[in-house]
Amino acid sequence: MTLPLRSALATGASLLALTCAAQAQSTADLYDLGTLYVEGEAPDPSDPVAGYVATTAATATKSGTPILETPQSVSVITGEQIEDQGATTLGDTLGYTAGLTAQPFGTDPRFDSPTIRGFNGSDAQYLNGLRLMRDFGAPAFEIYSLERVEVLKGPSSALYGAGTPGGVINQIQKRAQFLSFGELGVGVGDPKATEGFVDYNHAFSDSFAARVTAVARDTEEDVEELTNSRSYLGLATRWQPTERTSLEFLGSWLKDSPITPAGVPYDLIGDKNDDDLRSFYGGDPEDDDSDREMLNLGFDLSQELTPDWTLDVNFRYQKFDWDYTGFYVNNGVADGDTVTRGANVTEEDSYSQNLDARLTGRLQTGTVDHTLMVGLDARRYGVEEQTGFLYADDISFSNPRYDGANLSDPWYVEGTDVTLEQIGLYVQDEMAFGNWRANLALRHDWTSQKGSSFTDFLGTVNRSEIDQDDEATTGRAGLSYLFANGLAPYVSYATSFDPEIGTDNSGSAFEPTRGRQWEVGVKYQPLSFDGFFSAALYDLRQTNVRSAYTDANGVGDYRQEGEVRSRGLELEASADLTQGWNLRGQYSWNDTEVLDGDNEGNQLANAPEHNASLWLNYDFAPGHRLAGLQLGGGLRYIGERYGDAANSYDLDDVTLVDLQASYAITEDIGLSVNVSNLFDEAYVANCGSFGCYYGDGRTVQARLTWKW
């Protein structure tokens, strides 16, 4: 059965006419004989957080339930932590988060592909609770525009429908606030980076406010031939005509020109100097081309229908266009110097429409308090894309010349014209009875893919029609207990479902992936200071996992494994201490294995068994002779791992050191300096069929900011 999008929109309109959705409970500030009491209003999870400790999250339950009461792992990276660490990419932002390998492919300004519990997270990225749709990974979004980033770990289809089993990475934009403030700044960096940025919020009245965020940035990578020019403009408005109604507009426009490194042949790793390999470019600036543009237009509506019931509607339209020409290298180097290479040319035009309408209400049955949510989630994604692979002249490693690579006509072309529609109906019941908290969620999805694909290998054309319908029921069940001292053990079970977009090179449509996870853990929110601590053990399985390989013609393709397992332990801590200290730390143990399929017995790619990090920040208090100075630093450890599904390329572990300092020149003007990878460690982040890629070398960023 396939439910068309127009039926979903009609159902959404019916939801708009109903009367039900509610305010979430907040984390207790007081405990009395184990009973949870609420002081004041529940904080809005989209609002700014002072420090590094967030106690509520928008992503886990869509109702702002306190993280302590959520029976699943949740990590929140606050705006203050993002600023202190000088993050400019999602990889920078997630570097101190448990369960994630933030930059498994090294430097790639095109998009971010973190792994979550061993699974590729390039398709697990959301913006304001709605999925960023793209066949080959979500495009990189502007980090300066974000208020926070939330990571919900484990299968989450019960509330979000199609999604990867590793979890959800939700990027939450800065919203308009009912007070006036602003920030204006400039920055410079090494490798070359110049930027200007502004964030201005104005409250026009008690009921209407607007916020403008803009960035202009020119950057250069460790490979100096690779540059990127980015322009970003964001607009947020908030209209609150009554205490019961709130309507927010969220729009953004991004234009940039990212080029990925071409990589270096595997044969050169260990044979040549790592610093030289990291700075080598196997492409050619004369042929490079990248022109990318992304538009997002959306709104969030919240309407209180009764004191106990609220209607929330989120909608976003996204338009994405990209014309790209870049290079790749082959792994073999016969004479130790001559690098064979190729180029790929891509034209991509896509759009997506996302709607999430939900009704949340509070009710009571006997001694059990319920927060009940009923929702409809609909999305349509359409893409027309074509990629061609071209021959290019060889290039010398020791003496590269960049005067054009004499590109051939495409010897292989693949193209897709597909529309994906998905409709989901879901219900969630959050129950509180005494000190117990239970969460039950159930969802059914209908998906439909229609369109066509083709390949052209040296004039042999293969065309395939795509007409595939799938449906699935997913769910989540969790139980936790709140002790009077702020301790909360929990157990949960969750499932996921994700229809894979498109086909393999033979024209066969991919089967949907399915995931399931058991998780047990404990969370602790101390009463004596502002902190949050968590520990989680999990066993996560996924079937029909898509992995990359190179076919007999030397063409990159994907195939699906039978079943893979990921199990592990995650420890995470954050604290804001009155003595001026802020800290964020984590340790992750992740054991992955392919249980069935071509790579049976192998580990998942880019999934280190051990991962750890610690960040400390100290702010000298007023009255101290160093008042106004803030110092910080961190360590990131990335363990040994394999670069590909076949486990052909083993990668060494690495420890990286970061530093930060800022100084308040006046009450309004501040200077900050961030140094990532202080000792300029040259390490291989990934190796695969098309070469090896290095992680970021030492980067230095200095910013001068005026806030008012």
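- Between Arg211 and Asp199 the shortest side-chain heavy-atom distance falls below 4.5 Å.
- Between the side chains of Thr513 and Gln542, a donor-acceptor pair is found at a separation under 3.5 Å.
- Within 6.0 Å of the CH2 atom in Trp239, the count of heavy atoms belonging to other residues, nucleotides or ligands does not exceed 12.
- Taking 4.5 Å as the limit, every side-chain heavy atom of Asn606 sits out of range of all side-chain heavy atoms of Thr101.
- Between Lys153 and Glu519 there is no salt bridge, since no side-chain N of the basic residue sits under 4.0 Å from a carboxylate O of the acidic one.
- Taking each heavy atom of Gly86 and Arg703 in turn, the nearest pair found is CA-NH1, 4.0 Å.
- Contact check for Leu631 versus Leu659: no side-chain heavy atoms found under the 4.5 Å cut-off.
- Scanning for side chain to side chain contact (heavy atoms under 4.5 Å, CB included) contacts around Ser662 gives Gln630, Gln660, Ser672, with sequence neighbours left out.
- When only modelled atom types and interatomic distance are considered, Glu572 and Ser75 share a side-chain donor-acceptor pair under 3.5 Å.
- The CD atom of Gln125 sits 5.5 Å away from atom CG of Leu90, with the distance rounded to the nearest 0.5 Å.
- Between Phe529 and Phe533, the ring-plane angle classifies as perpendicular under the 30° and 60° cut-offs.
- Using a 3.5 Å distance cut-off with no hydrogens or angles, the side chains of Asp658 and Gln85 do not pair a donor with an acceptor.
- Residues in residues 82-126 take part in these ring-ring contact (aromatic ring centres under 6.0 Å, His included) pairs, two or more places apart or across chains: Tyr96-Trp615, Tyr126-Tyr160.
- Applying the side chain to side chain contact (heavy atoms under 4.5 Å, CB included) criterion to Thr495, with sequence neighbours excluded, gives Thr474, Tyr493, Arg516.
- Atoms CG and CD, from Leu311 and Glu304 in turn, are 11.5 Å apart once rounded to the nearest 0.5 Å.
- Looking at Asp369 and Arg362, no side-chain N of the basic residue comes within less than 4.0 Å of a carboxylate O on the acidic one, giving no salt bridge.
- What you find for Asn485 and Leu527 is that their closest heavy atoms are O-CG, 4.2 Å.
- Closest of all the heavy-atom pairs between Gly91 and Ala102 is O-CB, 3.2 Å.
- For the side-chain hydrogen bond (donor to acceptor under 3.5 Å, both in side chains) with Tyr52, the lone residue among Asp530, Thr78, Asp84 that qualifies is Asp84.
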Stepwise, does the side-chain contact (heavy atoms from CB on, under 4.5 Å) test hold for Asn120 with Thr164? CA-CA 8 Å; Asn120 191 317; Thr164 60; over 6 Å; no
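- Closest heavy-atom contact between Ala209 and Ala176: O-CB, 3.6 Å.
- What you find for Arg134 and Asp123 is that their closest heavy atoms are O-OD1, 3.2 Å.
- One finds the CD atom of Glu69 at 11.0 Å from the OG1 atom of Thr56 (value rounded to the nearest 0.5 Å).
- When side chains are defined from C-beta on, Asp47 counts as touching Gln177, because their heavy atoms get closer than 4.5 Å.
- Remark: Tyr317 OH to Leu130 CG distance equals 15.0 Å, nearest 0.5 Å.
- Among residues two or more places apart in sequence or in another chain, the salt bridge (charged side-chain N to carboxylate O under 4.0 Å, His left out) test is passed with Asp653 by none.
- The pair Lys174-Glu183 fails the salt-bridge criterion, with no side-chain N (NZ, NE, NH1 or NH2) lying under 4.0 Å from an Asp/Glu carboxylate O.
- Looking at residues two or more places apart in sequence or on another chain, you find a side chain to side chain donor-acceptor pair (under 3.5 Å) between Ser566 and Asn590.
- Using a 4.0 Å cut-off between a side-chain N of Lys or Arg and a carboxylate O of Asp or Glu, Glu248 and Arg238 qualify as a salt bridge.
- Side-chain atoms of Glu142 and Ser252, non-hydrogen and from C-beta on, never get closer than 4.5 Å to each other.
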List the steps and the verdict of side chain to side chain donor-acceptor pair (under 3.5 Å) for Glu430 and Thr65. CA-CA 9 Å; Glu430 298 177 82; Thr65 299; 2.4 Å; yes
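- Contact check on Lys62 versus Asp312 returns no salt bridge, with no Lys/Arg side-chain nitrogen under 4.0 Å from an Asp/Glu carboxylate oxygen.
- The side chain to side chain contact (heavy atoms under 4.5 Å, CB included) search around Trp581 returns Leu577, Gln579, Leu616, Tyr618, not counting sequence neighbours.
- To the nearest 0.5 Å, atoms CG (Leu250) and CG (Leu235) are separated by 8.5 Å.
- A pairwise comparison of heavy atoms in Tyr426 and Ala158 identifies CB-O, 3.5 Å as the closest pair.
- Ion pairing of Glu195 with Arg230 is absent here, as no side-chain N (NZ or NE/NH1/NH2) approaches a carboxylate O to less than 4.0 Å.
- A donor atom on one side chain and an acceptor atom on the other are found under 3.5 Å apart for Ser73 and Arg117.
- The closest donor-acceptor contact from the side chain of Ser588 to the backbone of Gly99 lies under 3.5 Å.
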